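Along the sequence shown, residues are numbered consecutively beginning with 1. If you're wondering where the values come from, they're calculated on a predicted model, not measured in any experiment.
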Amino acid sequence: MPQLSDTTRGRILFGGDYNPEQWPEETWAEDVRLMRDAGVNSVTLGVFSWAKLEPEPGAREFGWLDRLMDLMHGSGIGVVLATPTSSPPPWLGRLHPDTLPRDADGRIEWWGGRQHFSHSSAVYRHHAAAITEALAARYAGHPALTMWHINNEYCTFDYGDEAAVAFRRWLRARYGTLDALNSAWGTAFWSQGYDTWDGVLPPRHAHYLNNPTHVLDFRRFTSDMLLECYTAERDIVRRHTPHLPVTTNFMPLWVGQDAWRWSEEEDVVSVDLYPDPRDPLAAQSAALIQDLTRSQARGPWMLMEQAAGPVNWRGVNHPKPRGLNRLWSLQAVARGADAVCYFQWRQSRQGAEKFHSGMLSHAGERGRTFQEVKQLGAELARIGSEVTGGHIAADIAILHDWDAWWAGAQDGRLSTEVDHTEVLRAWHRALWESHLATDFAHPGHDLSAYTLVIVPQLYLLTDTAIDNLLSYVRGGGTLVCGFLTGIADEDDRVRPGGMDARLRELFGIRTLHEWWPLDARETVECEGFRGTLWSEEIEPEDDTVDEVIPYKGGELDGLPAVLRTGRSWYVSTLPEPHALRALLARVADGAGVRPVLDGVPAGVEAVRRGESLFLLNHGRDPVTVELPGTRRDVLTDVTVEGEITLGRYGVAVLRP
């Protein structure tokens, strides 16, 4: 299977989406001059070019793309060629309205934006395959071509009639019989039993709450249908270029794709990452996505999109302060990225994203944005041979699963204050601030390589996943689980006792009497800290539990907020950030897991990739970091001994 390394060859890919069809052709020469000046070595072409390539049904207009491919090759710039299928031309929807998706209220999502396609439409799939075949056949042998990029940010839900037919087909394959479906969905509740497959529809707008397992299966179905669209196009380009890697770009923690399944179908795992410059936790949120993407890739990955400056889709779109783009780009490299790319090269003058920044902003080559991009390009070229392919060794795994997320997000849940991704961020933040290297894993993965496994929240767990956790602990691993874990099976059926009996035994819980969710900004006192978001009325097995941290006061006074049995910990609330950090640091230390570097000042991130130690200052004030021994800063080629001072948003890449 082709790898990212086949394209990077010891360098970091640097560039971004290039949309020259928006500009007069005489602009192209200037673009290439400035790309070379900035150190760009890779561009993505064709992402939104379907109407340009096929202006009417069956037509093929490739001359402009031929000239661009030749221009890029002659300039030493590789091309990631995209299939343009995320944004069909208006004629497809006009001539074939069945290709347009419908929302849960039955309204058509018309052309005029993007992602306006039904993933289940046979007509859409036919035309998508045809344009992909034409592209692959024409450019398979072109020397500029280095990688394929399929579609863009798959994210379309469809509740229409053709999707309904496909949904029923998917359900037949999953359950076999209506009796099995009725049992899995619990349709005895509210008189929902189905007597014919034709009666089964997508979970369209209902008078009151939809059946949660129905919604869960529709999430699974949507992910699978979009994956079918991806693999159909991937297989076409692979047939023409089996030696080239294929990717598509994830959105960070997007709810609609089971990215564990998707990443198994990609040669290169890519992600788009747009932290808010005003978010004080932006760096940690980015680190989470980077750790998750690296874990899905099981090695180096590709930052397909980021912004060189402001975006255009937040309420207020703030620019990045001087130095922040460089800092966040190098953070991605520190956490395993072998490609640092942007949307897009030249900022658009028209269209919906004309206020979304580009590497070359409206200010032009004298603008601060381009000058910072130019500096970054030079630095990435300098360190590429030192860091690319470098492995990040982690003794800790955080477990994450889309099925558990989907099931836990149902409308009829106990607390809308509990958000799966925010709980995940809180636990990852505690490890990130302690400089503890962290992977992510699926609950069904082999966990034996990890010393410590963290489960922030997995509401839904299959029997196989539970057995996997038990086997991990029996094998000598340390396990820490957060609240609302192991509550339901794969059909969202609550397990007897409110938590799987095997997990209750593992944690030393005799009875889980009741869940006590907390209101927004409400806290609960525990011995030594305060808990937020959630609490539980737990009766422990006194003869097996080794340690209890109790609630203090209120209805739960004296009952366990945290309990440990052997190497298994259960945390029934969400401790405030400093308390969760202290707890996990204590558990990690007891398990023999050490931070990347001791004594790192607050606001500085330490990451070890291969032989390189990255130090990243996420603050505006200079800070000094103490170091063991002598190191060489690859960015400056300066040798440092004993300590190093990092300026505003400063970065050092240190080698022995």
Could you please spell out the steps behind the salt bridge (charged side-chain N to carboxylate O under 4.0 Å, His left out) verdict for Glu228 and Arg125?
CA-CA 10 Å; Glu228 282 187 8; Arg125 291 193 182 195; 2.9 Å; yes
Provide the closest heavy-atom pair for [X] versus [Y] in the form atom of the first, atom of the second, distance.
X      : Y      : answer
Ala287 : Gln331 : CB-NE2, 3.8 Å
Ala337 : Arg609 : O-NH1, 3.1 Å
Gly256 : Phe157 : CA-CZ, 4.1 Å
Phe218 : Pro203 : CG-CD, 3.3 Å
Asn151 : Ser86  : OD1-CB, 3.1 Å
Asp338 : Thr8   : O-CG2, 3.6 Å

Give a yes or no on this: more than 12 heavy atoms of other residues, nucleotides or ligands lie within 6.0 Å of atom [atom1] of [X].
X      : atom1 : answer
Phe355 : CZ    : no
Arg33  : CZ    : yes
Trp110 : CH2   : no
Arg425 : CZ    : yes

NZ/NE/NH1/NH2 to OD/OE distance under 4.0 Å, [X] and [Y]:
X      : Y      : result
Asp267 : Arg234 : no
Arg335 : Asp291 : yes
Asp492 : Arg220 : no
Glu233 : Arg238 : no

Looking at residues at least two apart in the chain, or sitting in another chain, which of them share a salt bridge (charged side-chain N to carboxylate O under 4.0 Å, His left out) with Arg239?
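Checked Arg239 against salt bridge (charged side-chain N to carboxylate O under 4.0 Å, His left out); matches are Glu133.
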side-chain contact (heavy atoms from CB on, under 4.5 Å) between Val237 and Val246, worked out
CA-CA 8 Å; Val237 301; Val246 185; 3.9 Å; yes
Would you kindly say whether [X] and [Y] are connected by a side-chain donor-acceptor distance under 3.5 Å?
X      : Y      : answer
Ser118 : Asp158 : yes
Glu266 : Thr247 : yes
Glu386 : Ser612 : no
Ser348 : Gln22  : yes
Asp439 : Tyr450 : yes
Asp491 : Thr213 : no
Ser223 : Trp262 : yes
Tyr342 : Asn325 : yes
Thr132 : Thr83  : no
Ser329 : Gln306 : yes

What do the steps show when you test Val255 against Trp406 for side-chain contact (heavy atoms from CB on, under 4.5 Å), and what is the final call?
CA-CA 7 Å; Val255 72; Trp406 293 332; 3.6 Å; yes
For ring pair (Phe, Tyr, Trp, His ring centres under 6.0 Å), just list the numbers for Tyr154 and Trp254, CA-CA rounded to whole Å, side-chain angles, deciding distance to a tenth of an Å, and then say yes or no.
CA-CA 10 Å; Tyr154 280 102; Trp254 185 61; 9.6 Å; no
Checking side chain to side chain donor-acceptor pair (under 3.5 Å) against His442, which of Asp403, Asp401, Asn468, Asp258 comes through?
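Single side chain to side chain donor-acceptor pair (under 3.5 Å) partner of His442 among Asp403, Asp401, Asn468, Asp258: Asp401.
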Measuring from Arg261:CZ to Gln296:CD, what's the distance to the nearest 0.5 Å?
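CD of Gln296 is found 13.5 Å from CZ of Arg261.
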Check: Arg294 side chain, Pro300 main-chain N or O, donor-acceptor pair, under 3.5 Å
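Not a single qualifying donor-acceptor pair exists.
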Evaluate the side-chain proximity of Glu54 to Pro89: yes if any heavy-atom separation is below 4.5 Å, no if none is.
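No; the side chains remain at least 4.5 Å from each other.
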I'd like to check Leu13 versus Met147 (side-chain heavy atoms, cut-off strictly below 4.5 Å). Are they in contact?
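In contact.
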Lys/Arg cation over aromatic Trp402: Arg219, 6.0 Å, 45° cone
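No, Arg219 and Trp402 do not form such a contact.
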Arg169 vs Asp224, test: salt bridge (charged side-chain N to carboxylate O under 4.0 Å, His left out). Steps then yes/no.
CA-CA 12 Å; Arg169 185 168 59 247; Asp224 285 355; over 6 Å; no
Given the rule in the side-chain contact (heavy atoms from CB on, under 4.5 Å) test, do Leu227 and Met225 qualify, once you have shown the distances and angles that lead to the verdict?
CA-CA 5 Å; Leu227 183 57; Met225 289 301 100; over 6 Å; no
Pair His116 and Trp111, ring centroids less than 6.0 Å apart
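No: the rings miss the under 6.0 Å criterion.
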Could you tell me whether His445 and Phe440 have their ring centroids closer than 6.0 angstrom?
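Distance test on ring centres: not under 6.0 Å, no.
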Over 60° means perpendicular and under 30° means parallel, so classify the ring planes of Trp170 and Phe221, tilted if in between.
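Geometry flag for Trp170 against Phe221: perpendicular rings.
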Just list the side-chain donor-acceptor pairs under 3.5 Å for residues 39-46, sequence neighbours left out, or say none.
{"from": "Asn41", "atom 1": "OD1", "to": "Phe14", "atom 2": "N", "distance (Å)": "2.8"}
{"from": "Asn41", "atom 1": "ND2", "to": "Ile12", "atom 2": "O", "distance (Å)": "3.1"}

Output, in order, the C-alpha distance, side-chain angles, deciding distance and verdict of salt bridge (charged side-chain N to carboxylate O under 4.0 Å, His left out) for Asp217 and Arg174.
CA-CA 10 Å; Asp217 271 344; Arg174 181 175 178 86; 3.5 Å; yes
Walk me through whether Met304 and His149 qualify under side-chain contact (heavy atoms from CB on, under 4.5 Å).
CA-CA 10 Å; Met304 179 71 78; His149 174 190; 3.9 Å; yes
Show your reasoning for whether ring pair (Phe, Tyr, Trp, His ring centres under 6.0 Å) applies to His356 and Tyr274.
CA-CA 11 Å; His356 187 296; Tyr274 293 102; 5.6 Å; yes
Does the salt bridge (charged side-chain N to carboxylate O under 4.0 Å, His left out) test come out yes or no for Glu109 and Arg102, once each step is laid out?
CA-CA 6 Å; Glu109 296 180 352; Arg102 291 179 180 266; over 6 Å; no
Show every donor-acceptor pair shorter than 3.5 Å between a side-chain atom in residues 62-71 and any protein atom, with sequence neighbours excluded, or say none if there are none.
{"from": "Trp64", "atom 1": "NE1", "to": "Glu61", "atom 2": "O", "distance (Å)": "2.9"}
{"from": "Asp66", "atom 1": "OD1", "to": "Arg138", "atom 2": "NE", "distance (Å)": "3.0"}
{"from": "Asp66", "atom 1": "OD1", "to": "Tyr139", "atom 2": "OH", "distance (Å)": "2.6"}
{"from": "Asp66", "atom 1": "OD2", "to": "Arg138", "atom 2": "NE", "distance (Å)": "3.4"}
{"from": "Asp66", "atom 1": "OD2", "to": "Arg138", "atom 2": "NH2", "distance (Å)": "2.6"}
{"from": "Arg67", "atom 1": "NE", "to": "Glu25", "atom 2": "OE2", "distance (Å)": "2.8"}
{"from": "Arg67", "atom 1": "NH1", "to": "Gly63", "atom 2": "O", "distance (Å)": "3.3"}
{"from": "Arg67", "atom 1": "NH2", "to": "Glu25", "atom 2": "OE1", "distance (Å)": "3.2"}
{"from": "Asp70", "atom 1": "OD1", "to": "His142", "atom 2": "NE2", "distance (Å)": "2.7"}

